[in-house]
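Chain A is the first sequence line, chain B the second, and so forth, proteins listed ahead of strands; every chain is numbered from 1.
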Amino acid sequence: MDKLIESRDTVNRWLERFGVRFGIYKNGVFKEQLFPFDSIPRVIPADDWRMLEQGLVQRVDALNRFLYDVYHDKQIIKDGVVPAEFVYSSKGYTPECEGVTPPHNIYSHISGIDLVQAKDGKWYILEDNLRIPSGASYPMIARTITRKVSPQTFQENAVVDSRDYSQLLKEMMDFVNVNGGANVILTPGRYNSAFFEHSYLAEKTGALLAFPGDLMVENDQVVYTDMYNERHLVGCIYRRVSDEYLDPLVFEPSSLLGIPNLMQAYKKGNVAVVNALGNGVADDKGIYYFVPKMIQYYLHEEPILSNAPTYLPYFEEDYRYILEHLDKLVIKDVSEAGGYGVVFGRDLTPERLEELKQLIMADPRRWIAQEVIDFKDLEILEGDQRVERKADLRAFVVSGQTTKVWKSGLTRFSRNPDSFVVNSSQGGGFKDTWVLEQ
Amino acid sequence: MKKYIYNYQTIIHFSTSVARHFFLLRCMPCVNDCQQMSHRDLFLYPRESVIYGADAWHNPIQYGQVLRPHDSFVFVSSGEARLEPYRIALEKESLLGLFQVQSGQTVPSVEMERFLLEHREGKSGWALACRLSEAVYRYMTYAPGTTLMTTTAAEAFGQRQGVCQDYAHILIGLCRAAGIPARYANGFIPGLGTTHAWVEVCDGGVWRALDPTNNLHEIDYGYIKIAHGRDAADCPVNRGVFRGTAGQQTQVRIIVEEI
């Protein structure tokens, strides 16, 4: 372990040299910053992992079934399990996807499921990210570098090899690819916060890295034009551009990042889009509440992993509870992501608390409230000191022919001792995640 | 049954030549219970192949691309429609819920909610929709140029001015707030003019139409529909993107006549 700790600065130097950066916009200015790596790994014993793995596969399978149902028969609405209003008024609900069936009925090919572990060891699901979950590349490259800097670490510890993530991605893309054409990763470009990841994953999966303008739809087929002006048919697009910018003729008209008429090619089944369009309806923070019910409804199984105790002000009983206990709860704006729009009641002055109450009363559908979970802190190195900080785990679940969980994940921690928010866009750091062989 | 011929022409002039122009049009009438087409044609300049499809609401769409440089873009949609009294059986029960919640351009303001209460008077369903349509007609002043494509119901209601699109959005917002499923319809009406917008309301499993701009409640003939959706944002007649920095000037002419 000491060797590993010594390796921290070396690993970070290598990460810097490889350009492993994370871009953030602060006050309208784009800034790239290093994503600080902490060399003490999160260690997950094999037994814990088996339980996590089963729970994650179950959850993602149910979410995929839900997405298919919502855009087709809507049986779950008709049966009164999820209120229609929650679906139709969700920002992520995309009527343009009605009746559109993605290849093999898979909507969420890459799911980033955020979990936390409480002090008593129990894991809770914090949120599901089914649109464009990012972050897998950081532990991938950190593991690769650590293995070089400190090879004995992996001889002495029975850690499951995690270098197969790109293989999982490639197999999934090949599986959903509709015509044997190229797999491409579509990036919004150099100034996207996760551009390093886009280029790294393209290199590792052997996919083409496409910039806006490299792809074009002609006669309902997607074509990639390379630097020699040669045209290649495209069968699968792993897009890192969000739905609203993906086709300017159907969604945001001013988008320069999109591919005009992509939606029509996609509707005809002439290209796979990874992740599918319309997934936002299932990772809405309001829909999250219903995921355990979805597992029971579609799979007839009991959920293996629990949600954090959640209240929806939409329901009368919860509404009253939230207003009475606001100072003890975490309040989340359902439409925000990346750690924005998360407020801890206990941090607010009485005036701000009252303002928040008014906001909740004015628009109950916009908010959810959760009990604060007593996180199990993880050790990090602050200078040469070992200190404890809040951390979460983003597990990556890949759904192709079968649903598989990558045997690692992104462990993010807060550098600020008082903060519970660990998102990288809020300036945290990351660790490797070790799954033990036994 | 009544027959109508229509001719809908749009000419877009670009100030300099453009290329890689992709387009998606909703300019051809749809087919439904009360609207059959004897024929419908589309002429396009520059001459390019067009793909005919449908959007999420089953509205006909026409799309494609003009890759070579061009300095104008013309589409002419013409044909003959056979209309029955305006009644459309509910197509897809499962989507009805979508027309019961507010959408981007229909969210009512506090003033609109108050307006609804004032005019409700114990009525519901179709009778209430008719009353609201007349109330909107009386409350608003028709004033072209005072609103934009993106203006919301609340904004237009606030200034008491607007065009058919705004009248329709206001009525839809009020109907949905009263629990009546309502949707936006776009198309042609007899005479010489531009496209027109009206409202469809679902009553007892049947969509019926109201035209708040012209204070017409029980629409029967003469309304040729090209698209419907949650609001105007779902039914643009012409969307396009192209490479180039050209300014554009658009001329539209529609002729509809009963034969």
Checklist entry - Can B:Tyr63 and A:Val217 be said to form a side-chain contact (heavy atoms from CB on, under 4.5 Å), step by step? => result CA-CA 11 Å; B:Tyr63 61 94; A:Val217 174; over 6 Å; no
Do [X] and [Y] have side chains that get closer than 4.5 Å, going by heavy atoms?
X	Y	result
A:Glu96	B:Asp234	yes
B:Phe22	A:Met216	yes
A:Val250	B:Arg239	no
B:Arg230	A:Pro95	yes

Is the [atom1] atom of [X] crowded by more than 12 outside heavy atoms at less than 6.0 Å?
X	atom1	answer
A:Leu299	CG	yes
A:Glu317	CD	no
B:Gln249	CD	no
A:Tyr245	OH	no
B:Tyr45	OH	no

Nearest 0.5 Å, what's the [atom1]-[atom2] distance between [X] and [Y]?
X	Y	atom1	atom2	result
B:Gln65	A:Asn219	CD	CG	6.0 Å
A:Tyr88	B:Leu95	OH	CG	5.5 Å
A:Gln264	B:Ile61	CD	CD1	3.5 Å

Checklist entry - B:Ser49 versus chain A, heavy atoms under 4.5 Å apart: side chain, backbone, both or neither? => result side chain
Item to check | Which portion of B:Ile51 sits near chain A, non-hydrogen atoms under 4.5 angstrom | outcome: side chain
Item to check | Most chain B-contacting option - heavy-atom pairs closer than 4.5 Å, from A:Leu249, A:Ile77, A:Leu256 | outcome: A:Leu249
Checklist entry - Of all the residues in residues 267-281 of chain A, which have a heavy atom that comes within less than 4.5 Å of a heavy atom in chain B? => result A:Lys267, A:Lys268
For a quick test of reading the model, state the closest non-hydrogen atom pair linking [X] to [Y] and the distance between them.
X	Y	answer
A:Leu215	B:Arg20	O-NH2, 4.2 Å
A:Glu85	B:Val101	CG-CG1, 4.4 Å
B:Phe23	A:Asn261	O-ND2, 3.5 Å

Checklist entry - In this structure, which one of A:Ser254, A:Ser255, A:Pro253, A:Pro260 forms a side-chain contact (heavy atoms from CB on, under 4.5 Å) with B:Val241? => result A:Pro260
Checklist entry - Going through the checks in order, is the side-chain contact (heavy atoms from CB on, under 4.5 Å) test met by A:Glu218 and B:Leu67? => result CA-CA 10 Å; A:Glu218 256 189 288; B:Leu67 298 179; 3.7 Å; yes
